[in-house]
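Each ligand, and each atom within it, is numbered from 1 in the order the structure gives. Just so you know, residue 1 is the first one in the sequence shown, and it goes up from there.
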Amino acid sequence: MTKISPSVLTADFLTLSDDLKKLEEAGVDMLHLDVMDGIFVPNISFGIPVISSIKKHTNLLCDVHLMIDKPHRYIKEFAKVSDYLGFHYEAGSPVKETLLEIRSYGVKSCLTIKPCTAPEEIFEYLPFCDMVLVMSVEPGFGGQKFMPEALDKLNALKNEIAKQNLNVLLEVDGGINADTAPLAVKAGADVLVAGNYIFSADDMAGRVQEIKNL
Ligand code: DX5
Ligand code: ZN
């Protein structure tokens, strides 16, 4: 079954604790936490203190998506509040070393690619990844439209993961809804990140079921 990782980027943080309980009951698999520094992406979100506080209110696994410049500077600190910790291939860190550092803290490593990056560029790093995240929007904002180019990338990565005989989850992030989720799953996605689609709904559990039972 497809795994669901709701992104809290567009959530109401003052009512998030109630929403987290609803999401747990709805059977989501993890919680997606978008960290933005205003440099790697043109937006600023939240950092370690907010994630620590969220962790006190949920048992869900924390799937941290770093959209920050030179992320290796902060891996040690973010590892303390992450179950999956991902950073961007394009962000200026030594890729293999950073993936291995994440694993050295007992945290699952995730490498993320922007829409401008070809999947072939990261094939050599797959053995050091527990998850790969394909962005299906330009990183920085929730509520954008899904870019169909992501489907071919998912497909290429799925094939390469099988070819290298690896156990790597494939995650997709951006513009996921009832129309785009089936396409992403068909192309090979194991984990769907969904922000707006879940948090803008009155019936969050219904939306989760809609995209989980694919
Ligand atoms: C965008 C973030 C996404 C975003 C997804 O930079 O990485 O996780 O919150 O939001 P939706 O599902 O609304 O596109
Ligand atoms: Zn994200």
Query raised in the report: Does a donor on one side chain and an acceptor on the other come within less than 3.5 Å for Y197 and E210?
Result: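 Yes, side-chain donor-acceptor contact under 3.5 Å.
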Query - Residues H65 and D63: side-chain donor-acceptor under 3.5 angstrom - result: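 Looking only at side-chain atoms, D63 and H65 do not form any donor-acceptor pair under 3.5 Å.
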Within the side chain of [X], is there an N or O that forms a donor-acceptor pair under 3.5 Å with the backbone of [Y]?
X    : Y    : result
E24  : N59  : yes
S45  : M36  : yes
S5   : L192 : no
S93  : H72  : yes
R207 : D202 : no

Can you list the ligand 1 atoms lying under 4.0 Å from a non-hydrogen atom of [X]?
X    : result
A194 : 12 (O)
G140 : 1 (C), 6 (O)
P139 : 6 (O)
L9   : 9 (O)
G174 : 14 (O)
M36  : 6 (O)
M135 : 7 (O)
H65  : 7 (O)

Report task. Check whether any side-chain heavy atom of I113 lies under 4.5 Å from a side-chain heavy atom of K153, and answer yes or no. Result ->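 Of all side-chain heavy-atom pairs linking K153 with I113, at least one is under 4.5 Å.
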Query - Y105 vs K80 side-chain heavy atoms within contact, under 4.5 Å - result: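 Y105 does not reach K80 side chain to side chain.
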Requested in this report: Kindly give the heavy-atom pair with the smallest separation between I161 and L126, and that separation in Å.
Outcome: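 Shortest heavy-atom separation between I161 and L126 comes out as CG1-CD1, 4.1 Å.
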Requested in this report: Could you tell me if any non-hydrogen atom of F141 lies under 4.0 Å from any atom of ligand 1?
Outcome: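 It does; at least one heavy atom falls under 4.0 Å.
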Of the protein's non-hydrogen atoms, which lies at the shortest distance from [atom], and what is that distance?
atom                    : result
atom 2 (C) of ligand 1  : D34 OD1, 3.4 Å
atom 10 (O) of ligand 1 : G142 CA, 3.6 Å
atom 3 (C) of ligand 1  : D173 OD1, 2.9 Å
atom 9 (O) of ligand 1  : S7 OG, 2.9 Å
atom 12 (O) of ligand 1 : G195 N, 2.7 Å

Using distance alone, determine whether [X] and ligand 1 share an N or O pair under 3.5 Å.
X    : answer
G175 : yes
N196 : yes
G143 : yes

**Report entry** Lys/Arg-Asp/Glu bridge criterion (N-O < 4.0 Å) met for D83, K55
**Finding:**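 K55 and D83: salt-bridged.
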Report task. Tell me whether the centres of the aromatic rings in F46 and F13 are closer together than 6.0 Å. Result ->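 Ring centroids of F46 and F13 are less than 6.0 Å from each other.
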**Report entry** Opening angle at the Zn ion (ligand 2) [OD2, D173; OD1, D34; to 10 degrees]
**Finding:**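 The OD2/OD1 angle about the Zn ion (ligand 2) sits at 170°.
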Report task. Have a look at H65 and say which of its N, O or S atoms is nearest the Zn ion (ligand 2). Result ->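 The Zn ion (ligand 2) is closest to the H65 atom ND1, counting only N, O or S.
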